[in-house]
Amino acid sequence: MDKQYYNYLAKCKLKATEYRIILMLLVKPCTSSQLVKELGCMKNNTDRYIRNLKSHGLIEIDYIEGANKFYKPVTDIKKLMAIMPGQMKIE
């Protein structure tokens, strides 16, 4: 990861908990249940944050183990720009 990725995240209008989720996923892929334990949020709120981050293309499913989906952040700046064209200009 480079400065462009952090610059991109800084310009996104996300809630504090969404930033925390991205930071946690940068360390290791997690399921929504693992995020609930770490964040101390209710499951339905965490699921809503995950849906929002997925819809913005900031996280994706890394792998599925049984019924558990492990999420990871999208760190490729070119992939992020392709998902949301025209949203932000990265110099």
Side-chain angles (χ1 to χ4, degrees):
M1 283 177 297
D2 56 5
K3 288 175 102 176
Q4 283 186 328
Y5 176 70
Y6 293 117
N7 188 31
Y8 184 88
L9 282 181
K11 289 182 181 179
C12 290
K13 295 187 187 310
L14 300 175
K15 296 180 175 144
T17 305
E18 293 170 331
Y19 283 115
R20 289 176 60 203
I21 289 172
I22 290 173
L23 290 174
M24 290 175 63
L25 295 177
L26 283 170
V27 175
K28 68 174 185 168
C30 296
T31 64
S32 63
S33 298
Q34 291 170 329
L35 291 170
V36 167
K37 285 181 186 177
E38 292 291 325
L39 295 171
C41 292
M42 295 180 64
K43 180 148 176 56
N44 60 347
N45 289 340
T46 304
D47 290 341
R48 183 170 31 93
Y49 293 134
I50 289 172
R51 274 194 311 274
N52 186 35
L53 291 169
K54 280 175 57 177
S55 70
H56 285 88
L58 295 171
I59 65 172
E60 63 188 4
I61 296 173
D62 188 25
Y63 61 95
I64 298 174
E65 191 175 281
N68 298 317
K69 295 177 184 175
F70 287 80
Y71 296 97
K72 69 174 185 173
V74 176
T75 57
D76 182 15
I77 195 71
K78 291 180 182 179
K79 188 173 182 182
L80 287 171
M81 294 307 292
I83 292 171
M84 296 194 313
Q87 294 294 319
M88 294 178 205
K89 182 180 178 185
I90 303 294
E91 299 169 0

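Sequence positions, counted from 1, serve as the residue numbers for this chain.
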Student: Give, for atom OG1 of Thr31 and atom CD1 of Ile50, the distance between the pair rounded to the nearest 0.5 Å.
Tutor: 8.0 Å

Student: Below 3.5 Å, can you tabulate the donor-acceptor pairs from side chains in residues 17-26 to any protein atom, sequence neighbours excluded?
Tutor:
{"from": "Glu18", "atom 1": "OE1", "to": "Lys15", "atom 2": "N", "distance (Å)": "2.8"}
{"from": "Glu18", "atom 1": "OE2", "to": "Asn52", "atom 2": "ND2", "distance (Å)": "2.4"}
{"from": "Tyr19", "atom 1": "OH", "to": "Leu9", "atom 2": "O", "distance (Å)": "3.0"}
{"from": "Tyr19", "atom 1": "OH", "to": "Cys12", "atom 2": "O", "distance (Å)": "2.5"}

Student: Which ILVMFWY residues can you reach from Phe70 by hopping between side chains whose heavy atoms are under 4.5 Å apart?
Tutor: Tyr63

Student: By the salt bridge (Lys or Arg N to Asp or Glu O under 4.0 Å) test, which pairs, at least two apart or in different chains, include something from residues 32-48?
Tutor: Lys43-Asp47

Student: Find the distance between CG (Asp62) and SG (Cys30) and round it off to the nearest 0.5 Å.
Tutor: 10.5 Å

Student: What are the two closest non-hydrogen atoms of Ile59 and Tyr71, and how far apart are they?
Tutor: CD1-CD2, 4.2 Å

Student: At their closest point, which heavy atom of Ile61 faces which heavy atom of Lys54, and how far apart are they?
Tutor: CD1-NZ, 4.4 Å

Student: Nearest 0.5 angstrom please: Tyr8 OH to Leu58 CG, how far?
Tutor: 6.0 Å

Student: Supply the atom-to-atom distance Glu60 CD to Leu53 CG, rounded to the nearest 0.5 angstrom.
Tutor: 12.5 Å

